[in-house]
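This structure is a prediction, so every number in the text was calculated from the model and none was measured. By convention in this document, chain letters (A, B, ...) are assigned in the order of the sequence lines, proteins followed by strands, and residues within each chain are numbered from 1.
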Amino acid sequence: MRLSKMFLPTLKESPSDAEVISHKLMLRAGMVRKVAAGIYNLLPMGLKAVRNVERIVRAEMDSSGAQEVAMPFVLPSELWVESGRWDEYGKELCRLNDRHGREFCLGPTHEEVITDMVRHEVRSYRDLPLNLYQIQSKFRDEIRPRFGLMRGREFIMKDAYSFHTTEECAEKEYKRIFDTYSSIFQRCGLEFRAVEADTGAIGGSFSHEFMVMADTGEDEIVICSKCEYAANTERADIRSGKGGEVVPVGEFAEVSTPGKKTIEEVGAFLKIKAKRLIKTIIYNTENGPIVAAVRGDNDVNEGKLKRLSGVSELALADDETVKEVTGAPVGFAGPLGLKVKLYCDQKVRAMTDAVTGANKADTHMTGVNPVRDFSGAEYGDLRVASSGDSCPRCDGGKFKVSRGIEVGHIFMLGTKYSEALGATFLDEDGKEKPMIMGCYGIGIGRVAAASIEQNNDDNGIVWPVPLAPFTVHIVPVNVKDEETMKASEELYSLLTGNGITTLFDDRDERAGVKFKDADLLGMPVRITISTKTLQNDSFEIKERTSSEVEFVPVKDILNKVTDLLARS
RNA sequence: CGGGGCGUAGCGCAGUCUGGUAGCGUAUCUGCUUUGGGAGCAGAGGGUCGGAGGUUCGAAUCCUCUCGCCCCGACCA
């Protein structure tokens with residue numbers, strides 16, 4: 001591609017609404033432009049990167065035996081009513097009516113549609129297993145889209161769905177896709193990690209997320225120091241402590257804490273550490289309010305609280321409810337003397353002489369000893385895993401917390417959708433059974449963004465070869481020099497003729513401008529041509545990852561380039 | 001949805017408090033010079049100051065409403 005002809009608006013400065021590095025660089029490098037919050041145009045340079053991700057995903061999915069299909073983006077409400085998700089999915093599901101007033105939604109995911117397709121066409125065990133995938137736009141009306149392509153409302157996703165006759169077969173496919181995903185992200189040149197995850201709104205029995213390691217990632221994961229265990233903190237179980245005998249020390253006493261509501265404020269006011277306080281949170285559930293308590297330096301994991309308490313709906317209580325339950329304004333709740341069910345994290349049991357709210361305005365309690373003072377409390381693993389917690393899978397392993405970007409998620413669905421939609425088959429013995437399902441997603445645009453998040457420097461993007469929109473960037477220093485241009489044109493033909501994607505900066509710009517743009521755009525190999533290099537019958541070649549340049553004889557350039565691209 | 005912030009030229013910003021001719025940098029266009037790390041000089045174009053209403057002789061500036069965008073939280077593949 002000739003740069004002079006390319007629709008490539010690069011920017012010297014980042015637009016002020018971009019926060020993370022990948023978003024800034026994608027804007028500056030002319031890859032994307034915003035249309036509305038969480039909705040983007042992909043410009044030629046951006047689309048090329050996205051297509052590269054798609055190409056890799058397609059190749060790997062195909063070779064794993066999955067088959068590509070294309071499903072609609074606008075979906076009728078009936079299927080969603082049938083699965084129960086028309087009501088369950090909530091506001092994230094963007095609904096619309098056609099001219100007849102019929103209800104539709106923009107597809108946020110396609111379990112319903114694919115299951116509908118398969119139930120109509122597959123009757124026999126002989127037709128299974130089956131794995132179908134598509135690469136398509138999804139729309140989820142996220143509460144807060146952010147960070148460019150990282151969390152858009154409309155985004156490109158590869159979604160795959162598999163159908164099986166048995167659990168074993170489904171699990172085998174789950175493992176195969178797990179491996180397929182690993183090779184996909186490896187080929188994309190990403191540093192990633194598969195972690196155990198929550199199933200969320202998709203449902204199912206277990207799942208793994210593929211996380212690209214990055215400090216700007218929105219997800220927090222824990223990794224065991226000793227064994228292979230790694231999990232999203234939303235999901236991570238914590239091994240319970242020894243649970244030795246706890247001897248209460250002091251008596252409790254009220255202490256005045258005027259206006260001190262948060263753990264930090266109370267801690268600072270009483271000059272004690274957060275771990276000496278008990279954090280008490282009131283939740284509303286379908287069975288009325290419940291109370292959760294964790295140590296002051298921990299957070300409640302709502303997924304765990306749901307499981308421990310057996311409720312299915314859980315939301316932070318509003319101020320009214322808090323007042324009703326505790327008799328005090330928000331900020332002074334404590335587990336003592338409440339009439340609702342109390343769930344405590346296991347760590348709370350070991351606390352002595354702790355501080356909690358007194359259920360009275362501007363007052364806290366000291367000398368609280370849960371073992372003695374909390375009657376009827378149920379203890380369990382309730383907190384969000386954090387650094388230093390004990391691994392549930394091995395002896396002595398401790399968690400370390402990292403951040404990641406979720407680029408893929410695979411789910412063992414079981415029969416959730418096949419039962420709801422009646423996707424059944426006839427088994428060898430003539431019995432009708434629901435199909436066992438799995439589903440598997442990859443955020444295509446997010447992979448591209450994550451790659452930039454991981455591969456950049458002060459000057460711009462540093463593309464890994466497989467995702468690079470072009471692999472070679474030719475810079476003729478002076479386009480007015482005939483000899484330079486003749487050599488550049490010949491090089492351009494040579495490279496493109498050999499299937500090497502090449503960006504040719506044939507613009508009449510000063511060298512400095514071209515070098516700055518070359519660094520910003522981040523193609524893996526840059527070749528500079530000038531009267532100086534041609535005097536020695538050579539080109540100057542530089543890798544984006546390196547600050548060294550090398551001079552290569554004109555006749556050797558193709559070999560050199562092929563060599564560099566193959567090696568990186 | 002709660003809290004905070006921002007909407008002025010393509011991009012980055014000043015001007016708003018204290019009402020009085022809409023500015024700076026950069027980008028764009030033209031000309032000359034320059035030509036290996038975002039050149040110099042000269043000239044030019046580009047704005048319903050997010051929108052609506054109000055106050056006022058006069059509103060980017062004050063008031064009311066509204067729309068959009070960003071950040072934190074809650075929530076969420």
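Under a cutoff of 6.0 Å and an axis angle of 45°, Arg95(A) and Trp86(A) form a cation-pi pair.
Heavy atoms of Ser16(A) sit under 4.0 angstrom from primed sugar atoms or phosphate atoms, though from no base atom. Using a 4.0 Å heavy-atom cutoff across all strands shown, Arg507(A) reaches no nucleic acid atom at all. Counting non-hydrogen atoms under 4.0 angstrom, Arg33(A) reaches nothing in the nucleic acid. At a threshold of 4.0 angstrom between heavy atoms, the contacts of Lys34(A) are confined to the sugar-phosphate backbone, with no base atom among them. Using a 4.0 Å heavy-atom cutoff across all strands shown, Glu13(A) reaches at least one base atom of the nucleic acid. Contact annotation for Thr528(A): base contact, defined as any heavy-atom pair under 4.0 Å involving a base atom. As judged by a 4.0 angstrom heavy-atom cut-off over every strand, Thr531(A) is placed among residues making no nucleic acid contact. Arg153(A) comes within 4.0 angstrom of no nucleic acid atom, judged by non-hydrogen atoms across all strands.
A22(B) and C13(B) are spaced 14 Å apart, taking the C1' atom of each and rounding to whole Å. Here the separation of U48(B) from A9(B), taken at their P atoms, is 8 Å to the nearest Å. With both ends at atom P, the span from C11(B) to G73(B) equals 28 Å, rounded to whole Å. To the nearest whole angstrom, the two P atoms, one in A77(B) and one in G15(B), are 44 Å apart. If you take atom P in A59(B) and the same atom in G2(B), they sit 34 Å apart, rounded to whole Å. A distance of about 13 Å separates the P atoms of G47(B) and G23(B), rounded to the whole Å. Rounded to the nearest Å, the gap between the C1' atom of C72(B) and that of U55(B) is 37 Å.
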Could you list, one pair per line, each protein nitrogen or oxygen that sits under 3.5 Å from a nitrogen or oxygen of nucleotides 27-29 of chain B, together with the distance?
from, atom 1, to, atom 2, distance (Å)
A27(B), OP1, Lys12(A), NZ, 3.3

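Within residues 511-522 of chain A, the residues approached by RNA chain B to less than 4.0 Å at the level of any non-hydrogen atom are Ala511(A), Gly512(A), Val513(A), Phe515(A), Lys516(A), Asp517(A), Asp519(A), in residue-number order.
Evaluated for a side-chain hydrogen bond (donor to acceptor under 3.5 Å, both in side chains) with Tyr417(A), the options Glu82(A), Glu112(A), Glu111(A), Arg85(A) yield exactly one hit, Arg85(A).
Salt bridge annotation for Glu550(A)-Lys560(A): present, with a cationic side-chain nitrogen under 4.0 angstrom from a carboxylate oxygen. Taking the charged nitrogens against the carboxylate oxygens, Arg2(A) and Asp505(A) have no contact shorter than 4.0 Å, which rules out a salt bridge. Between Arg383(A) and Asp345(A), at least one side-chain nitrogen of the basic residue sits less than 4.0 Å from a carboxylate oxygen of the acidic one, meeting the salt-bridge criterion.
Judged by atom type and distance alone, Arg146(A) does not reach the base of C70(B) through any side-chain donor-acceptor pair under 3.5 Å.
A sub-4.0 Å separation between OP1 or OP2 of C71(B) and a side-chain N or O of Arg144(A) is present.
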